[in-house]
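Per chain, numbering begins at 1; letters A, B, ... match sequence-line order. FYI, side chains are in, hydrogens and waters are out, and symmetry mates aren't considered; it's all heavy atoms of this structure.
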There are 2 protein chains.
Amino acid sequence: MVDTNICPKFEKALSILNKRWTALIVFQLLNGSQRFCNIESGIGISGRVLSERLKDLEKEGIVKRTVFDETPVRIEYTLTEKGKALEPILKQIQSWSDKWIETDDQTVV
Amino acid sequence: MVDTNICPKFEKALSILNKRWTALIVFQLLNGSQRFCNIESGIGISGRVLSERLKDLEKEGIVKRTVFDETPVRIEYTLTEKGKALEPILKQIQSWSDKWIETDDQTVV
DNA sequence: ATACTTACTTACATAAAGTAAGTTAATTAT
DNA sequence: ATAATTAACTTACTTTATGTAAGTAAGTAT
């Protein structure tokens with residue numbers, strides 16, 4: 001990447017949030033801990049990419065993976081404090097979309 | 001895409017903002033109108049993708065392209081009201097990154 | 001034993017982004 | 001007058017990211 005004069009922290013944040021699905025995964029987890037297959041079906045992401053994203057988000061300290069040693073084993077993904085702190089961003093996106101995005105109601109008759 | 005229970009306006013907003021470079025372009029234009037090459041060098045995007053993104057953003061009504069018929073012709077890109085309204089989102093991202101992203105100061109000696 | 005579920009991974013196909021060179025039109029430098 | 005430079009792109013080609021589908025391992029239900 002080329003040298004820019006933009007704050008590196010901000011750029012880092014964008015490089016995380018910019019990635020496809022990241023925001024939706026976080027949005028989904030704001031409703032509470034969820035299992036792999038629930039996130040998968042909840043937002044319509046493929047398992048391949050979800051697996052990849054969850055690893056990234058774990059590495060960034062945004063998501064925590066917890067294994068419950070029941071039988072069968074249960075694995076849950078939860079937002080960390082850092083992850084929960086993303087809520088105001090998503091809220092802002094929501095209110096922007098409410099104000100500025102039109103629903104092109106494509107109801108086929 | 002698979003059917004989800006997420007608000008379509010919100011999904012639409014994310015599909016715009018999620019795209020690589022979109023947020024940085026808007027961020028750059030919050031400083032005022034800019035020319036193609038200034039955005040290009042300002043954020044380190046390639047001309048190919050910048051051209052593509054500006055067209056997308058124009059289509060979404062976020063950016064306005066203005067041709068000044070001087071010689072040589074000058075073309076400026078400006079945020080519309082809809083585009084300016086994205087500022088609070090970027091501000092939120094900024095404050096999140098200030099609080100949660102660490103600078104891994106990789107100063108090579 | 002067979003089928004089903006969860007949480008993945010692997011292999012392969014398609015779409016998006018990066019790189020570099022080319023285009024057009026006008027401008028300035030020699 | 002010719003050559004080089006700048007702005008705003010486009011085109012061709014390569015690399016990376018994402019999607020699709022099938023496979024795996026461990027356990028459960030019938």
J.: Taking only side-chain N and O atoms of S51(B), does any of them lie within less than 4.0 angstrom of OP1 or OP2 on dT10(D)?
T.: yes
J.: So how far is it from E58(A) CD to Y77(A) OH, rounded to the nearest 0.5 Å?
T.: 7.0 Å
J.: Can you tell me how far P of dG18(C) sits from CD1 of I43(B), to the nearest Å?
T.: 10 Å
J.: How long is the straight-line distance from OG1 of T66(B) back to CD1 of I75(B), given to the nearest 0.5 Å?
T.: 9.5 Å
J.: Restricting to side-chain hydrogen bond (donor to acceptor under 3.5 Å, both in side chains), what partner residues turn up for R35(B), sequence neighbours left out?
T.: none
J.: Side-chain donor-acceptor pairs under 3.5 Å in residues 46-54 of chain A, sequence neighbours left out?
T.:
from	atom 1	to	atom 2	distance (Å)
S46(A)	OG	V49(A)	N	3.4
R48(A)	NH2	E52(A)	OE1	3.2
R53(A)	NE	R20(A)	O	2.8
R53(A)	NH2	R20(A)	O	3.2

J.: Separation of K19(A) atom NZ from dG19(D) atom C1', in whole Å?
T.: 15 Å
J.: How do K55(B) and R35(B) order along DNA chain D: which one's closest nucleotide is nearer the 5' end?
T.: R35(B)
J.: Whole angstrom is fine here: how far is it from CG in L54(A) over to P in dA7(C)?
T.: 11 Å
J.: Roughly, in whole Å, what's the span from CG in L50(B) to P in dT11(D)?
T.: 16 Å
J.: What is the distance, to the nearest angstrom, from the CG atom on D56(B) to the P atom on dA17(C)?
T.: 9 Å
J.: Could you tell me the separation between the CZ atom of R53(B) and the C1' atom of dT10(D), rounded to a whole number of Å?
T.: 16 Å
J.: Quick check on dC8(C): is either OP1 or OP2 less than 4.0 Å from any side-chain nitrogen or oxygen of R65(A)?
T.: yes
J.: Measure from the side chain of V49(A), starting at C-beta and using heavy atoms only, and say which of dG19(D), dT6(C), dA7(D) lies closest.
T.: dG19(D)
J.: Going by the rule ring-ring contact (aromatic ring centres under 6.0 Å, His included), which residues pair with F36(B) if we only count those two or more places apart in sequence or in a different chain?
T.: none
J.: Show me, pair by pair, the donor-acceptor contacts under 3.5 angstrom made by side chains of residues 80-88 of chain B, not counting sequence neighbours?
T.:
from	atom 1	to	atom 2	distance (Å)
T80(B)	OG1	G61(B)	O	2.6
T80(B)	OG1	I62(B)	O	3.2
T80(B)	OG1	K82(B)	N	3.4
T80(B)	OG1	G83(B)	N	3.1
K82(B)	NZ	E60(B)	O	2.7
E87(B)	OE2	K91(B)	NZ	3.1

J.: Considering only dT9(C), dC8(C), dC9(D), which nucleotide approaches the side chain of Y77(A) most closely?
T.: dC8(C)
J.: Within the 4.0 Å heavy-atom criterion, would you say E40(A) contacts the bases, only the backbone, or no part of the nucleic acid?
T.: nothing
J.: Which nucleotide in the set dA8(D), dA17(C), dG18(C) lies at the smallest distance from any side-chain heavy atom of S46(B)?
T.: dG18(C)
J.: Among dA7(C), dC9(D), dT18(D), which nucleotide has an atom closest to any side-chain atom of I75(B)?
T.: dC9(D)
J.: Which parts of nucleotides 21-29 of chain D does protein reach within less than 4.0 Å, heavy atoms only, written one letter per nucleotide 5' to 3' as B for base, S for sugar-phosphate only and - for none?
T.: -------S-
J.: Can you measure I45(B) atom CD1 to dG18(C) atom P for me and round it to whole angstrom units?
T.: 7 Å
J.: Which of these nucleotides, dT18(D), dA17(C), dA7(C), is closest to any side-chain atom of R20(B)?
T.: dA17(C)
J.: Reckon W21(B) has a side-chain N or O less than 4.0 Å from the OP1 or OP2 of dG18(C)?
T.: yes
J.: When the distance from CD of E70(B) to P of dA25(C) is rounded to whole Å, what number comes out?
T.: 19 Å
J.: Applying side-chain contact (heavy atoms from CB on, under 4.5 Å) to I45(B) and I25(B), what does each step give before you reach the verdict?
T.: CA-CA 9 Å; I45(B) 189 178; I25(B) 293 169; 4.2 Å; yes
J.: Go through the structure and list residues passing side-chain hydrogen bond (donor to acceptor under 3.5 Å, both in side chains) with E76(B), not counting sequence neighbours.
T.: R74(B)
